[in-house]
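Predicted model only: the values in this text are computed from it and were never measured. Letters A, B, ... are given to chains in the order of the sequence lines, protein chains preceding strands, and every chain is numbered from 1.
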Amino acid sequence: MSQTTTPASAADVFPQAPPEKGMFISLGPQHPSTHGVLRVAITVDGETVTSAQPDIGYLHRATEKLAEKRTYPQIIVLTDRLDYLAAMTNNWSYCLAVEKMLAVPIPERAEYLRIIVGELQRIASHCVFLGTYGIDIGAYTPFLVAFGRERERILDLFEELCGARLTYNYIRIGGVMADTPAGWEKKVREFVKEMWGHIQEYDTLLTYNPIFMDRTQNIGLMTPEMAVAWGITGPNLRATGFRADVRKDDPYSLYPQLKFDIPVGKQGDCWERYQVRVSEMRESLKMIEQCLDRIQPGEWMAKLPKVYRVPAGEGYGHLEAPRGDLGFYIISDGSPSPYRMHIRAPSFINLQVLQQLLKGWKVADVVAILGSVDIVLGEVDR
Amino acid sequence: MFELGPALHHAFELLRGFAVSHGMSRDAALLLSKIIQANILVLGVAVIPMVLVYAERKVSAFMQARLGPMHVGPWGILQTFADGVKLMLKEDVVPAGADKWVHFLAPVVAVAPVFVCFAPVPFGQGLTPVDLDTGVLFIFAVSGVSTIGILLGGWGSGNKFSMLGGLRAAAQLLSYEIPRVLSVIPVLMWYGSMSLGTIALAQHGRWLGILPKWFIFYPVIGQIAFLIFLISSVAETNRTPFDIPEAESELVAGFHTEFSGLKFALFFLAEYAYVFLASAMGTALFLGGGDGFLLPNGILPSWIWFLLKTFALVFLFLWFRWTYPRLRIDRLMQFCWKFLMPWSFVNIALTGLLVLVRQR
Amino acid sequence: MSPSLSSLVFYAFSAMLVVTAVGVVTLRNVFYSAVSLVAALTIVAGLFVLLGADFLGAAQVLVYVGGILIIMLFVIMLSQQPRDLLQRQTNDQWIAGLFFALTIGVSLVRAFTYFVSQTPPDGDIAPTSASLGRLLLGEMLLPFEAVSLILLAALVGAVVFGQEKNA
Amino acid sequence: MTNDEILAVITGKFPEIQAIPKVQGQARGDELYLSVPAQKLPELCRFLRFDPPLAFDFLSFVTSVDWKDRYEVVYYLVSTLHKHKLVLKVNLADRATPEVPTVTDVWAGADWQEREIFDLMGITFRGHYNLRRILLPDDWEGHPLRKDYVPTPDRYD
């Protein structure tokens, strides 16, 4: 259902080596608005940016090399630390890949729990984006409200469920770690009911705030061709008007049975990248409500031997993480640990578009554009 | 009831009488009382920013679903005092490449004008330190000097980026000074005097018994003048949504990043003192100074009314800061030259018309 | 302000004015001389107020210190490279300069002594802004408008010259 | 389009490319796997990208595998229009100087991924406009993801 993309013209899409002249500004790696350890080398001609070279690798922990030395269940702990703002979806994506190779059936309750927890994680991750992006543009209150109040509620729910606030390790190969404690679903339902009002609050506080719109509309424009050519996925891609979501295009778990739609922008500017994420929160709330209505008590973990071997071969499992299409390509040689594991990190691929996206905009817009792409360095550097 | 003005006046009379009776010449006694009055004003201006900083932290806290400072003193009242002491004890770092003298001079030039600016402000009946005839012009003139403090700060920090930050901040202050002055001219035209005391006094009284005759309630010209004055005052004090120095520190270092310890405290004091000065001027020019409303006259003394109205305006400043994001620098300049200025000219023309009609 | 106090203040201001004015000329660092020019002009404003011209004093601070000197500081900060800030202020024709200064000085002193003896210092200090306003827009309306035209022309000229070639 | 139709279209234009059959009992997804000689890669990629019935406009990821005796570069392609997928595998027999032509002129998204492979696996990409290390410091010796990589001891100098 997504429209075809015309072949991108070479000029506006493909990377060229950076020019030498112009004043040089190094943004980062210690910097208030680069969301972590990222350095962007910007050459400036007067007020406009002539070239931008993100410099990464400060948080590289060689996760892919480590995975070759660990058994399959042990790797789940590694995936928590990739996109440290959305550990649930990291675990889930890795487990999807392994389950696809093991071809083990997942009990229905586990699938519903995974969707509830995954969508809660999406809301929490977007809350972080909302807060930090407000600060980038200069509004301090949304951070305290979105990051402080809402996300804390979600983290409390997760803590009650699996004992951790950030590195959950809750979704396991074959199902989930444990069943929900008594009354947990009721608390989630209460949170969801309240959250509808809070999202309305964000609209009045920031989304339709005239100065915020003035700072973000028609800035950092991205065409669908440019986005697809650069391999961009997630809210950044949908903001350009290109309807692409792994939950619909390559459905997994029980998403086909849920009714939700994909919010899409029109011209892919900073405001729409922000706006798409806020409306995505509403869709997640819808999904959680539907799951809460359908979930039945029952089995929450598939029957798996203590130490199991993944048959030799290869497999690619991926899902729609808050920041885009997060996938795990695993090659196994039949031993308890994978021969090779490659992580398709959406932030890593989304970040490279900055070389193209920042060109031609004013210095004052660099912070707005960089913030709107919403990258997490743990996932970029792996 | 207990108007502070006449009471103080009487006290100083007694003091002068006492001094003269003890062999001091009349001139020396007069000079002595003037010095004491000046000291009271300076102390007041030094204390007010501490109250404002506390107010800002509490207001921002309640707006952001948190409590703000609670530990130091009951409800955190002594927090700003503790901050002040901390800043005084902090080591005063002068960057190596910096120009030592200019680095020392910058905070002085930025702060000194503030104390002088409070002279013509009518705090209440009889409580005007110096009722200058050219009060308003005097305040604008002297507050312009602190822009030089910011430039010196930018230059004295020794690094290219803070100099750029300083230049941009000074450009913003310069350009917003013009609409601010123009927005006040209608008030001067209407009341025919530049002394804040007489303007505030002229606004006492009631229309049809209920609506106080404040300039803000004058049909079109009052609201336009007040709004332009408020907006350009927010810009003059470098506060969100016009806080270019802070925005600059994201990319280009803001002009006061190289200052630490007491020098930084002075810049901080200057900013909050200017917020209070702008609110005080707003009260005197647009909200009728010490004139009370609702309650029958005399229940509350005029200086209480003045402080109430001024803190109401200060709350507006705080409110803007915690709700609005930051304007981009070129939009900010465009807003000043292409929106505020034309409207202030229109307002002056309108007031001229009304003055003509009034004279008929 | 009894005569003894005001004359004391007057001499203090004048002394400071002379010191800062000389500083403007002799200081090696261009930035320092600009700052001392700021000090000098502020003291001039103080003298105006001392003489009872309160409007003129405030206008002096507003126009000179608040406006023109800030632009000067802009120019110095933007254009100067640190190294060529410290230029020698004096050159070798200082003898001719000194002689010329002496003659100007003597003639000025004679003029002042003549004026001071003529006009008795008037007594009270009345606010001047109202009378100044009536004067400017009354008799002196034509020169007032002419001056504003000249300033406008200067402004437009500055913008045209300031325009970058490629803009 | 099903895998067989895609295979038919591709082998029609490039006879020497064959599919990698699925071995019995081997865990593998339902994608079509192709083995591609290195020098045919640019031409094939341009064909896959701009041929209307195929329209593989989205390069999901590029990665590399060290099979101890040979290197292998894997391209995972998706067509956003037709929703079909394709995996290309390029085998590099010579271990001394493994080299593959770049695909950044077809899919710009491969830019950093090829730099990462060069950085961690040591495979050079001929024609890449900015091929230098991306994750590791520039003065790093060796390529960590290789199976025979001996980690240099921690330097505290």
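- Residue contact with chain A, scored on non-hydrogen atoms closer than 4.5 Å, involves the backbone of D/Arg146 exclusively.
- Annotation for A/Ile331 and D/Val65: closest pair CD1-CG2, 3.4 Å, computed over non-hydrogen atoms.
- Side-chain atoms of A/Ile343 and D/Phe61, non-hydrogen and from C-beta on, never get closer than 4.5 Å to each other.
- D/Tyr33 is listed as a side-chain neighbour of A/Glu314, based on a closest heavy-atom distance under 4.5 Å.
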Quick one: do A/Phe348 and D/Ile134 satisfy side-chain contact (heavy atoms from CB on, under 4.5 Å)? Show the steps, please.
CA-CA 11 Å; A/Phe348 175 67; D/Ile134 185 165; 4.2 Å; yes

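- Between A/Tyr329 and D/Tyr76, the distance separating the two ring centers is not shorter than 6.0 angstrom.
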Checking side chain to side chain donor-acceptor pair (under 3.5 Å) for the pair A/Gln355/D/Asn130: CA distance, chi angles, key distance, verdict?
CA-CA 12 Å; A/Gln355 298 167 106; D/Asn130 184 13; 4.6 Å; no

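- Going from atom CG of A/Asp55 over to atom CG of D/Asp138 covers 8.0 Å, rounded to the nearest 0.5 Å.
- In this structure, the side chains of A/Phe242 and D/Thr80 come closer than 4.5 Å at one or more pairs of heavy atoms.
- The shortest heavy-atom contact between A/Ile349 and D/Ser60 is CD1-O, 3.8 Å.
- For chain D, the nearby part of A/Ala312 is the backbone; its heavy atoms alone come within less than 4.5 Å.
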Mind running salt bridge (charged side-chain N to carboxylate O under 4.0 Å, His left out) on D/Lys83 and A/Asp250 for me, showing each step along the way?
CA-CA 8 Å; D/Lys83 292 287 176 297; A/Asp250 185 0; over 6 Å; no

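- Annotation: cation-pi geometry satisfied between D/Lys147 and A/Tyr339 (NZ/CZ under 6.0 angstrom from ring centroid, within 45° of ring axis).
- Looking only at distances, a side-chain donor or acceptor of A/Gln352 sits under 3.5 Å from a matching main-chain atom of D/Gly109.
- The CZ atom of D/Phe58 sits 10.0 Å away from atom CG of A/Asp249, with the distance rounded to the nearest 0.5 Å.
- With a 4.5 angstrom heavy-atom cutoff, D/Ser79 does not touch chain A via any of its atoms.
- Residues D/Arg28 and A/Met101 fail the side-chain proximity criterion, which asks for heavy atoms closer than 4.5 Å.
- Within the 4.5 angstrom heavy-atom criterion, no atom of D/Asp119 approaches chain A.
- Contact annotation for A/Leu351: both backbone and side-chain heavy atoms come within less than 4.5 Å of a heavy atom of chain D.
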Could you walk me through whether A/Glu64 and D/Glu116 pass side-chain contact (heavy atoms from CB on, under 4.5 Å), step by step?
CA-CA 12 Å; A/Glu64 293 177 359; D/Glu116 184 196 355; 4.2 Å; yes

side-chain contact (heavy atoms from CB on, under 4.5 Å) for D/Leu120 and A/His60? Distances and angles first, verdict last.
CA-CA 11 Å; D/Leu120 299 182; A/His60 177 57; 4.1 Å; yes

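- Heavy atoms of A/Thr233 lying under 4.5 Å from chain D belong exclusively to its side chain.
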Could you go through the side-chain contact (heavy atoms from CB on, under 4.5 Å) check for A/Asp333 and D/Trp67 one step at a time?
CA-CA 11 Å; A/Asp333 53 2; D/Trp67 292 103; over 6 Å; no

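- For a residue to count as touching a neighbouring chain, one of its non-hydrogen atoms must lie under 4.5 Å from one of that chain's; by this rule D/Val74 touches chain A with the side chain only.
- At a threshold of 4.5 Å between non-hydrogen side-chain atoms, the residues D/Ser64 and A/Arg340 count as touching.
- Using a 4.5 Å cut-off between heavy atoms, A/Ile56 contacts chain D through both its backbone and its side chain.
- Using a 4.5 Å cut-off between heavy atoms, D/Leu145 touches chain A through backbone and side chain atoms alike.
- Taken to the nearest 0.5 Å, the CG atom of D/Leu135 stands 6.5 Å off from the CZ atom of A/Arg382.
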